There are 2 protein chains.
Amino acid sequence: MDEPLPVRCQDCLVRDTALCASLCDAELVALSRIGRRKTIPAGGVVTWAGDDNALCANIVTGALKVQAATAEGREQTVGLLFAGDFVGNPFTETSALTTEALTETDLCIFSRVAFERVLDKRPRLERALLERTMRSLEEARQRQLTLGRKSAKGKIAGFLLDIAEAQGGSEIELPIARGEMADYLGLTIETVSRQMTEMREEGLIDAPRGSRRVTLLDRETLRALDE
Amino acid sequence: MDEPLPVRCQDCLVRDTALCASLCDAELVALSRIGRRKTIPAGGVVTWAGDDNALCANIVTGALKVQAATAEGREQTVGLLFAGDFVGNPFTETSALTTEALTETDLCIFSRVAFERVLDKRPRLERALLERTMRSLEEARQRQLTLGRKSAKGKIAGFLLDIAEAQGGSEIELPIARGEMADYLGLTIETVSRQMTEMREEGLIDAPRGSRRVTLLDRETLRALDE
DNA sequence: CGGACGCTTGAGATCCCTCAAATGTCGTGG
DNA sequence: CCACGACATTTGAGGGATCTCAAGCGTCCG
């Protein structure tokens, strides 16, 4: 019964950053048995709001957005997920949120119920998921502050600083387009664009018109704008 | 070693709705050993943003708000908690959020580290906490939609409908004052007040000027306003 | 009676949205 | 290599929703 660790796990880019990092090799064998790889094209939907919540996954490469929408179709991005992040809601029958790929994304997918059975048997996995979920909750609450109380410029400054922190440097590559930034920050695309040109004119950032490459020139002032 | 269940647990008003409901009597004895009752006056602070995160608690009676603030002091309420709800962030050293009593509130308090030790030993408790945390996360994300994309009137209509659902009826008693509604909905107190008088003039609600008693007269239209 | 507090109302300013058009970029096909 | 269309972004003009500042009410309590 010495099942070997599958190659896709041995070579996995997120073996040590995803939820799986909480498992030893023997445990990982058990989890790997119910998992399979799947590639989602950019713009592809992973889970639909309202559908029954059939799957969980780890992101191996790429990025997803978690999307909410009003009845009239106004959209709000309520979370961004990157390599190593966990996707899905174990123990929940349905969700009002849609999960969509921002870029081509490789997932390691599990059926929700099978994943729940593994959670039953692997306390370390459940603990790691609990800790992640609590971090996500704190994040979602901080974002309520941004959405409810910050100015357009403050929202954008905070977003740029967050990305810089995640990427570790002042020259950043935005993971999302202007329109997606607008959905994420509760603004319109025009407001995002105008604020970014203003920031360029004020010498706070350098960013070729329309480009996703941005250099933060004055983090001090950006931090002050972030209120 | 047949330690009896303490009276405060036998008589507990939230024995069957709080996290404790996941425990059998024997397990509850273990948890009760590290808990104690504490009454917080209205306006009292349970945990301060930035302090080290020393405690967890169940709400026995009363209500709390979870509060975030910008550097300049603009405040945003990022969650409301009522009897039976769990307070605190196990496995986290510190939080940027402040928890404050809206009314006089009775808590059943645990030291965070002691509570974590109980979680280690009681998988059902941990499972119940995970499920609650995931529900809170979904809630916090839905609130991002409200804060980012809804109009003032939509925010208030949605809030009134939520309260009506929680209280089960069309005659509701608002759990919070106008200013607290403003903090919760990302508005100013003046906007809340003006929108509510408009809704009264439009026949959507009945509410004596300045009162917390509100009757929903036209839920259909309110739901439509909620976008 | 007077003051504190919470709520309402008013006037004006501001920020952001809406609608519209121009500009730029990129990939495809001629 | 250039022309073209699709698409994302920028820019402009104007309007509207919400905020700010200020004053007026009503109630409760000392």
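As the structure is a prediction and not an experimental result, all values here were calculated from the model. In what follows, chains are A, B, ... by sequence order, proteins preceding strands, each numbered from 1.
Checking side-chain atoms of B:Thr215 against main-chain N and O of B:Leu217 turns up no donor-acceptor pair under 3.5 Å. Judged by distance alone, with hydrogens and angles left aside, the side-chain atoms of A:Gln167 form a donor-acceptor pair with the main-chain N or O of A:Glu173 at under 3.5 Å. Put simply, the side chain of A:Glu100 never gets that close to the backbone of A:Lys65: no donor and acceptor are under 3.5 Å apart.
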Counting primed atoms, P, OP1 and OP2 as sugar-phosphate and everything else as base, the B/S/- map of nucleotides 8-24 of chain D against protein heavy atoms under 4.0 Å is -SBBBB----SSBBB--
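In this structure, A:Arg143 forms a cation-pi arrangement with A:Tyr184, its terminal cationic atom sitting closer than 6.0 Å to the ring centre and no more than 45° off the ring axis.
Annotation: the terminal axes of the helix from C:dC1-D:dG30 to C:dG30-D:dC1 meet at 30°, where each axis is the rotation carrying the C1' atoms of four end pairs onto the next four (5 pairs per end, rounded to 10°).
Contact detail for B:Leu160 and B:Met199: the closest heavy-atom pair is CD1-CE, 4.3 Å. When all heavy atoms are compared, the tightest approach of B:Arg8 to B:Gly35 is NH2-O, 2.8 Å.
In summary, the aromatic rings of B:Phe115 and B:Phe86 are positioned with their centroids under 6.0 Å apart.
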Using the side chain to side chain donor-acceptor pair (under 3.5 Å) rule, take A:Thr133 and B:Thr133 through it: C-alpha gap first, then chi angles, then the decisive distance, then the call.
CA-CA 7 Å; A:Thr133 307; B:Thr133 306; over 6 Å; no
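One can place CZ of B:Arg213 at 17 Å from C1' of D:dT27, the figure rounded to the nearest angstrom.
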